[in-house]
Each structure stands twice: as C-alpha cells, then as structure tokens.
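To start, the structure itself, in structure tokens.
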Number of protein chains: 2
Amino acid sequence: MSTFTLAEDRMKCGNCPIRHRAVCARCETDELAVLERIKYYRDFAPGQAIVWAGDEMDFVASVVDGVATLSHTMEDGRRQMVGLLLPSDFLGRPGRAAAPYDVVATSPVTLCCFRREPFEDLLASTPPINRRLLEMTLDELDAAREWMLILGRKTAREKIASLLAIVARRDASLRLTKLDGPLVFALPLTREAMADYLGLTLETVSRQISALKRDGLIRIQGSRQITVPDFQRLMAEAGDDNDGGLIS
Amino acid sequence: MSTFTLAEDRMKCGNCPIRHRAVCARCETDELAVLERIKYYRDFAPGQAIVWAGDEMDFVASVVDGVATLSHTMEDGRRQMVGLLLPSDFLGRPGRAAAPYDVVATSPVTLCCFRREPFEDLLASTPPINRRLLEMTLDELDAAREWMLILGRKTAREKIASLLAIVARRDASLRLTKLDGPLVFALPLTREAMADYLGLTLETVSRQISALKRDGLIRIQGSRQITVPDFQRLMAEAGDDNDGGLIS
DNA sequence: GGCGCTCCTTGATCGACATCAAATACAAGG
DNA sequence: CCTTGTATTTGATGTCGATCAAGGAGCGCC
C-alpha cells in the first residue's frame with residue numbers, strides 16, 4: 001500500500017523549477033507558501049494503482065518523481081492511455097471529485113499531494129496559481145491534440161518513431177541536453193504500455209521497434225535502454241512536419 | 001473574404017448563458033464589460049479558413065454561431081481533426097501568437113473576436129475570466145481524452161456510433177431536449193469531415209452509416225438529417241460504459 | 001432539359017495490423 | 001543449478017478498414 005508522509009520537509013520540492021513546477025512555484029508568488037500547510041507526500045510502487053476511474057479523489061497532486069499513466073478501459077478490456085505523467089506534471093482536477101480514468105504508477109512514483117478542498121479555496125483566492133494551472137492545462141491540451149494525430153492517422157512505424165521522439169525530447173529537456181548528439185535514455189514504459197499509448201498491440205510495437213533497430217534508426221541495450229544516433233532522422237520517420245511534439 | 005463588424009451592438013451576445021458562455025459572462029462579474037470595448041464580429045462562409053496552421057493570430061474569439069473544425073494536416077495530406085467548435089466554444093490561446101492547427105468553418109460561422117493583447121491584459125487583471133477559461137480548457141481536455149479512446153481503440157462502427165451520440169447529445173443540450181424520446185438532428189459535418197474526425201476514410205464512414213441504418217439504429221433523411229429512435233441503444237453500440245462523451 | 005459540380009454510396013481487391021501461438025531472455029528465489 | 005514468472009521477440013494466419021473504381025443523388029445555372 002502507499003506511504004503517506006505529512007510533510008514539513010520541503011526538501012523534495014526544493015529544486016523547484018524543473019522537478020516540481022506545478023505548485024512549489026513560490027518562485028512566482030509568496031502566497032503559495034500556504035500550500036506547504038496542506039501538502040503531504042505519497043509513494044507508489046510500479047504497477048500500483050493511484051486511483052481507479054470512478055473513485056473519489058480528495059486530493060490533487062504534482063508528480064515529484066517517477067512515471068504514471070492515465071488510461072481509459074472499456075468493459076471488454078480494451079485500454080487506451082490518454083495521458084503520461086512525468087515529473088512536474090499535475091494530477092487531478094480542481095472542482096471535480098470523481099476520477100475519470102485510471103491512474104497507475106509505471107515506475108516508483110512520489111506524489112506531492114494537496115487536499116482538494118483547501119487547494120480549491122486557495123485557487124479561488126490566489127490568481128497566480130490559477131494562471132499557472134491554465135497554462136499547464138493548455139499545454140496538456142496541445143499534447144493531447146498532437147497525440148490524436150498520432151492515433152488517428154499515423155502508421156505503426158510512425159507511431160513508434162513519434163513516441164520515441166517524444167520521450168527522447170522530454171528526457172533531453174529534463175537533463176538539459178542538446179538534441180544534436182546521440183541520445184541515450186531509458187524507456188519508462190513496457191511494450192504493453194507503449195501499445196496502450198499508441199493504439200496498437202504489443203506484438204506490433206515489438207516488431208516495429210525491431211524494424212527501427214534493423215534500419216539503424218535506433219540501438220537497444222536490454223529492451224529498455226534506447227540510443228538514438230540521429231534525432232532528426234527519427235523525427236523524419238515520425239512523419240512530423242514541425243518540431244512540436246510534447247506529452248503529458 | 002470575411003466580414004468585420006466593429007461591435008457596439010451587444011445584441012448577438014445578449015442571450016449569453018448557452019450561446020456565448022465564454023466571455024459575455026458578465027453574468028459573473030462586472031469587469032467583463034471591458035470586453036465590450038475590444039470586441040468585434042467576424043463572419044465566415046462554409047469551407048472558408050479562419051486561420052491556417054502557423055499563421056499569426058492576433059485575436060481570441062468565441063463562437064457565436066455555426067460550426068468550425070480544428071485540424072492537423074501532414075505534408076502528404078493526411079488530416080486529423082482535433083477539435084470541433086460549436087456555439088459557445090472558445091478559440092485561440094492567450095499567450096500564443098501562432099496558430100498550431102488549421103481552423104475551418106464548416107457552416108456559416110460568426111465569431112465574437114477580441115484583440116489578443118488587450119484580452120491578455122484583461123486576463124491578468126481579472127481572475128474570474130481566468131477561472132472560466134481554466135474550466136473550459138479542462139472540459140476540452142476531457143473531451144480530447146475521450147476522443148483519444150475513440151481513435152485508438154474503437155472499431156469503425158463504434159466510432160460512427162460514438163460520433164452520432166456526441167452530436168446528438170450536444171444538440172439535445174443546446175435545445176434543452178431530453179434524451180429519452182426519438183432524437184432528430186442535422187449532422188454539421190460532411191462524410192469527409194466525419195472521416196477526419198474519426199481517423200477513417202470517407203468510404204468507411206458511408207458504409208458504417210448505411211450499416212447502422214440497415215440495423216435500425218438510425219434513420220436518415222437526405223444524408224444529413226439523422227433520427228435516433230433509441231439513444232440508449234446507440235450508446236451501447238458506441239461501446240461506452242459510462243455516459244461521458246463531450247466534445248469541442 | 002442538360003450540364004457541371006459536389007457529396008455520397010456501393011462494389012472489388014489489397015494490405016497493414018490484429019490475433020493466435022510458440023520460443024527466447026532475463027531476473028528472483030529456492 | 002533449476003524453477004517460476006514476467007517481459008519480449010518472432011512466426012503463421014486472418015480480418016477490418018484502406019484503396020481503387022464506378023455510379024447515383026441533389027443542386028445551381030445556362
């Protein structure tokens with residue numbers, strides 16, 4: 001089960017700008033110190049559910065560390081991932097109690113949680129948080145729409161290339177690397193999770209990854225460690241005209 | 001070309017709550033009267049582009065009347081619709097100049113536009129607008145995620161049923177009809193637009209609509225006028241467990 | 001009426017991806 | 001070392017929707 005940590009320790013949120021931009025943004029305004037009084041930490045093991053669709057959610061949170069997924073499940077078991085939460089992403093919706101989809105940790109996850117009601121009060125009285133949240137939500141909406149193009153119109157190969165490009169880009173931005181040298185990163189997802197992300201089966205994912213490897217677009221160490229020798233070439237394979245491509 | 005109307009006339013926005021909830025929400029606060037001073041109307045003919053991807057957008061707007069679509073286009077012509085704008089929906093993103101996708105009118109459209117910069121100033125100084133926008137954006141995000149499930153995991157038949165259910169529901173809510181009697185509504189989309197919405201070809205759309213007709217789930221007058229005798233049965237066909245299903 | 005146009009329908013064929021099935025890799029634990 | 005279990009790869013076959021192609025319906029216009 002998950003660990004609760006009532007947090008006086010500001011430690012984990014100390015390195016704010018990248019790791020925890022959502023709410024520890026007292027970089028931006030002082031009122032946010034109030035958040036400190038209603039926050040607590042929770043840890044989740046890989047594979048563990050954070051909330052199930054339909055559950056009541058009495059908190060909102062930001063991801064401090066780890067990777068979690070949002071996904072819809074149909075009665076017959078078909079599943080579609082609709083969001084990928086990486087460190088600094090926000091979880092939950094102010095003003096709504098019931099979770100609309102499953103949230104599952106895919107790696108050890110640490111959340112910084114805020115009880116929903118006090119958070120909403122704060123939201124009402126503190127415009128900067130509101131602005132922040134609006135901005136983040138708009139980014140997520142853009143990402144979702146990019147994703148819709150991937151789901152609706154791209155081939156299996158392009159889908160895989162797109163996903164790898166998205167993760168590579170995001171990883172590079174987290175560690176402040178340039179995109180011109182060879183990129184090495186760990187896929188935070190199983191083949192099955194990738195399939196759920198892309199609207200494919202896990203066999204197709206595996207085959208297409210093998211194909212990209214065969215064609216020299218990527219190299220692989222141990223099925224999760226990816227090396228991209230030439231990011232531009234991968235992007236071309238993804239069929240992207242512009243260099244958009246966010247996630248979350 | 002489009003018509004500009006510098007608007008002292010508050011007429012069109014008068015019937016606010018449903019038709020124009022985005023910005024004429026002086027129902028909510030008085031400051032919004034300021035909006036009156038920076039707004040103007042624009043009309044577009046069916047098929048006309050409102051903005052192209054990459055264009056500079058010096059305004060944000062809310063849809064007063066008509067239907068417009070947002071869509072991504074790949075260089076080779078593949079197209080994916082990523083948003084459907086109906087009356088009361090909002091267009092544009094404060095804080096961003098370049099449009100990320102094409103916006104096209106599919107029926108005669110009237111926009112209520114606000115010059116972007118003064119609108120952004122207003123946004124900064126007027127929390128209620130911010131809250132409103134956040135809420136609307138969150139709704140859109142939910143809709144986008146519902147849509148992702150449709151694109152990634154549903155069969156052609158389920159996709160069509162889902163789309164019809166979404167439009168039927170939205171239409172019913174606009175005219176305050178219940179969902180239990182037979183529903184009659186006009187599809188605001190060509191078969192091609194439906195295909196772009198659902199990640200299908202127009203031939204498949206046509207075939208599946210014929211199949212739903214054959215199976216008695218819908219009736220059709222003249223290819224655009226749809227009758228749904230039993231909404232629940234259609235929903236079942238769409239594979240939806242819950243009764244979520246928004247758009248925009 | 002007849003022409004041109006766009007939108008829609010229907011048929012025949014093909015191919016990308018799903019499905020079914022089996023084998024391999026690798027880690028944890030006895 | 002062997003066992004067990006999960007994640008992954010690979011192969012054989014099937015199917016849904018795409019593609020290619022033709023024809024019909026509605027409508028404005030000469």
Quiz item: Can you check whether B/L149 reaches B/L151 side chain to side chain, under 4.5 Å on heavy atoms?
Solution: no

Exercise. Check the distance between C/dC26's C1' and A/R224's CZ and give it to me in whole angstrom.
Key: 13 Å

Quiz item: What's the CZ-P distance between A/R207 and C/dG15, to the nearest Å?
Solution: 18 Å

Quiz item: Rounded to whole angstrom units, what separation is found between the CD atom of B/Q208 and the P atom of C/dC8?
Solution: 16 Å

Exercise. Report the distance from atom CD1 of B/I209 to atom C1' of C/dT9, rounded to the nearest whole Å.
Key: 11 Å

Quiz item: Quick one: B/E203 CD to C/dT10 C1', roughly how many Å, whole number?
Solution: 10 Å

Quiz prompt | Outermost DNA chain D nucleotides near chain A [under 4.0 Å, heavy atoms] | solution = D/dT8 to D/dA12

Exercise. Please tell me if the side chains of A/T110 and A/R42 come closer than 4.5 Å, counting only heavy atoms from C-beta onward.
Key: no

Quiz item: Is any side-chain nitrogen or oxygen of B/S206 closer than 4.0 Å to OP1 or OP2 of C/dC8?
Solution: no

Practice problem: Determine the contact category for B/G199: base if any of its heavy atoms lies under 4.0 Å from a base atom, sugar-phosphate if only primed atoms, P, OP1 or OP2 are that close, otherwise nothing. | Solution: sugar-phosphate

Quiz item: For the helix from C/dG1-D/dC30 to C/dG30-D/dC1, what angle lies between the axis at the first five pairs and the axis at the last five pairs, to 10 degrees?
Solution: 20°

Exercise. State, yes or no, whether a side-chain contact exists between B/I209 and B/I220 at a heavy-atom distance under 4.5 Å.
Key: yes

